[in-house]
Participant: 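Attaching a single structure in structure tokens format; questions to follow.
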Amino acid sequence: MTKDKTIFIRNIYYMLAYAFTELRKNNYANIAKENFEHVHDLLAEILYKGVSAQLKRGLHREYVARRDCMPVMRGRLDIRGTITERVRCRNMLSCEYDDLSEDNIFNRIMKTTMTTLLHTDNVSATRKAQLRQLMPFFSDVDEIDIRTICWDNFTYRRSNRAYRMLMNICYFIIGGQLMTTEAGTYRMAVFTDMQMSRLFERFVLEYYRKHHKELSASPDRIDWDINMKEPCMIEYLPVMKSDIILHKGERNLIIDTKYYGRAMQYHFDRPSIHSGNLYQIYTYVKNRDANHTGNVSGLLLYAKTDEETTPDLLATFGDNRIMVKTLDLNQDFKTISAQLEQLTEF
């Protein structure tokens, strides 16, 4: 299997498939059987299949406010604009109306993403040809400046819920673009650490949701174990929200996933676990186990890097166990699955 940034490209597909359940449907099934030389070639194939399926359903349309001059009334009359037209001796009405249009934020992002892939060296000629076949369907859609996209502000309803996965794929493709020294052009990054961190977290969560429903895997808010007689204090405390909590009877395992280019920190060439991460999981565990039952454990789960030393720790702090482990994504997926299965023994 081909690697990209030390992770098998096929495993990146499996991670995406768990993170976005849409990819496990029939129209994407053959992707896992193909070999991809570059990760953007994989993403181009996913986007091509996703956009093709959306075109069969029809592109999402939204009402867009427009203003135009016309001989007959449409929508609302713009008095000031109409007077201006009469002063110019033009027998036209200035109207404001709502038009149901395909030129909306979702379709603009898809068109911009496909255009980006067409100018990317790591996408094969075959897949570029496939994407070009789709472009005429977006003739009425404008492109968008990627710097203006607010990825966390999208609202999905019944009419556009199929776009959720497509927007996430677009995020991975263009969210990591970097400006070049040439004005108006971009170059492609493979994945930023922030993108991979989100994917890694979502992958682990959805893996346990799919294969271990009995563990009720979910992110959860953790309350501070403080004296509530001082209500003014809690207003200034940060919100604690875990990445994943697994439940087994009365026992809980809090998992905090981490994806870094370097998993260890170094002081005078001496490797150690990131202190902030350890403090964080310790705080989560101790506040979750407010009654000191010892039924709450913590796990810092790092994605394995190329470093010679990788985090590996099992320690008991009071009544609670805290572990630090690594998940090697640079293996066959069956081995990755086996590693995740071992973590359910808590």
Side-chain angles (χ1 to χ4, degrees), residues 1-5 7-61 102-144 146 149 151 154 156 159-177 186-192 195-196 198-199 202-203:
M1 287 184 287
T2 307
K3 297 180 184 179
D4 200 316
K5 282 194 76 175
I7 300 178
F8 288 132
I9 292 178
R10 186 172 295 172
N11 286 344
I12 292 178
Y13 168 74
Y14 286 132
M15 292 172 68
L16 289 167
Y18 275 96
F20 312 116
T21 54
E22 183 76 15
L23 286 178
R24 295 201 289 270
K25 296 183 178 179
N26 292 335
N27 52 319
Y28 298 97
N30 292 329
I31 295 179
K33 302 175 184 178
E34 299 186 39
N35 289 319
F36 296 91
E37 291 298 323
H38 299 281
V39 68
H40 283 109
D41 205 26
L42 163 66
L43 294 174
E45 179 68 12
I46 294 174
L47 188 65
Y48 168 72
K49 289 184 178 295
V51 174
S52 297
Q54 186 60 49
L55 287 172
K56 291 178 182 178
R57 293 188 293 265
L59 291 176
H60 174 64
R61 297 192 294 172
E102 297 174 348
D103 188 17
N104 53 66
I105 183 67
F106 298 106
N107 294 328
R108 287 182 179 183
I109 290 175
M110 286 201 303
K111 182 175 182 177
T112 302
T113 304
M114 289 191 292
T115 301
T116 300
L117 290 172
L118 290 174
H119 294 87
T120 301
D121 294 337
N122 291 339
V123 177
S124 68
T126 300
R127 292 187 174 86
K128 285 184 178 180
Q130 291 176 331
L131 293 175
R132 288 193 185 95
Q133 293 174 2
L134 303 180
M135 294 301 287
F137 295 97
F138 291 81
S139 58
D140 295 330
V141 177
D142 293 332
E143 294 189 22
I144 188 172
I146 64 172
I149 301 174
W151 295 100
F154 297 149
Y156 297 99
S159 60
N160 65 350
R161 62 187 177 187
Y163 277 75
R164 185 186 299 273
M165 187 276 295
L166 290 172
M167 290 300 101
N168 279 285
I169 295 300
C170 291
Y171 166 76
F172 279 104
I173 295 172
I174 69 176
Q177 285 185 333
Y186 300 88
R187 67 182 175 86
M188 298 291 292
V190 178
F191 278 129
T192 64
Q195 287 174 309
M196 283 304 299
R198 289 186 179 184
L199 177 59
R202 185 76 180 271
F203 158 63

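Computation of the quantities below employed the complete heavy-atom set of this structure, encompassing side-chain atoms and omitting hydrogens, waters and symmetry-equivalent molecules. Keep in mind the model is a prediction, meaning the values are calculated, not measured.
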Participant: Tell me whether Asp41 contacts the main-chain N or O of Phe36 through its side chain, where contact means a donor paired with an acceptor under 3.5 Å.
Facilitator: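 Answer holds: no.
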Participant: Which atoms form the tightest heavy-atom contact between Glu102 and Val141, and what is the distance?
Facilitator: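 What the structure gives for the nearest pair is O-CG2, 3.6 Å.
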Participant: How many angstroms lie between CE in Met167 and CZ in Phe172, if you round to the nearest 0.5 Å?
Facilitator: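 Met167 CE to Phe172 CZ: 13.5 Å, rounded to 0.5 Å.
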Participant: For residues Asp140 and Asp103, determine if any side-chain heavy atom of one lies less than 4.5 Å from a side-chain heavy atom of the other.
Facilitator: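 No; the side chains remain at least 4.5 Å from each other.
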Participant: With side chain to side chain contact (heavy atoms under 4.5 Å, CB included) as the test, would you mind laying out the steps for Leu59 and Tyr163 before giving the verdict?
Facilitator: CA-CA 10 Å; Leu59 291 176; Tyr163 277 75; 3.7 Å; yes
Participant: Is it the case that over 12 heavy atoms from other parts of the model lie below 6.0 angstrom from the CZ atom of Phe154?
Facilitator: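 Buried by this count: over 12 neighbours within 6.0 Å.
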Participant: Could you tell me if the side chain of Leu43 sits less than 4.5 Å from the side chain of His40, heavy atoms only?
Facilitator: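 Yes. Closest side-chain heavy atoms under 4.5 Å.
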Participant: Do Ile46 and Tyr13 come close enough that some side-chain heavy atom pair is under 4.5 Å?
Facilitator: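 Yes - at least one pair of side-chain heavy atoms lies under 4.5 Å apart.
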Participant: Suppose we screen for side-chain contact (heavy atoms from CB on, under 4.5 Å). Which residues come up paired with Ser159, at least two apart in sequence or across chains?
Facilitator: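 His60, Arg157.
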Participant: Can you give me the closest heavy-atom contact between Phe138 and Lys111, atom names plus distance?
Facilitator: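 Closest approach of Phe138 to Lys111: O-NZ, 3.0 Å.
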Participant: Run through Thr115, Thr116, Thr113 and flag the one making a side chain to side chain donor-acceptor pair (under 3.5 Å) with Glu143.
Facilitator: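 Single pass found, and it is Thr115.
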Participant: Under the criterion side-chain contact (heavy atoms from CB on, under 4.5 Å), which of Ile12, Leu16, Asn11 is the partner of Tyr14?
Facilitator: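 Exactly one pass, corresponding to Asn11.
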Participant: Who pairs with Glu45 by salt bridge (charged side-chain N to carboxylate O under 4.0 Å, His left out), at least two apart in sequence or on another chain?
Facilitator: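 Checked Glu45 against salt bridge (charged side-chain N to carboxylate O under 4.0 Å, His left out); matches are Lys49, Arg127.
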Participant: Heavy atoms only: give me the nearest Leu166-Val51 pair and the separation to one decimal.
Facilitator: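 Where Leu166 meets Val51 most closely, the heavy atoms are CD2-N, 4.0 Å.
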Participant: Apply the test side chain to side chain contact (heavy atoms under 4.5 Å, CB included) to residues Gln133 and Tyr48: give CA-CA distance (whole Å), side-chain angles for both, the deciding distance (0.1 Å), then the verdict.
Facilitator: CA-CA 10 Å; Gln133 293 174 2; Tyr48 168 72; 4.1 Å; yes
Participant: With side chain to side chain contact (heavy atoms under 4.5 Å, CB included) as the test, would you mind laying out the steps for Met196 and Leu199 before giving the verdict?
Facilitator: CA-CA 5 Å; Met196 283 304 299; Leu199 177 59; 4.2 Å; yes
Participant: For the CG atom of Asn160 and the CG atom of Asn104, what is their distance to the nearest 0.5 Å?
Facilitator: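 With rounding to 0.5 Å, CG (Asn160) is 8.5 Å from CG (Asn104).
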Participant: Evaluate side chain to side chain contact (heavy atoms under 4.5 Å, CB included) for Thr120 paired with His38, printing each intermediate quantity in order.
Facilitator: CA-CA 11 Å; Thr120 301; His38 299 281; over 6 Å; no
Participant: Can you see which heavy atom on Ala44 is nearest to which on Val123, and at what distance?
Facilitator: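 Where Ala44 meets Val123 most closely, the heavy atoms are CB-CG1, 4.0 Å.
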Participant: Could you state the interatomic distance from CG (Asn107) to OG1 (Thr112), rounded to the nearest 0.5 Å?
Facilitator: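 If we round to the nearest 0.5 Å, Asn107:CG and Thr112:OG1 are 10.5 Å apart.
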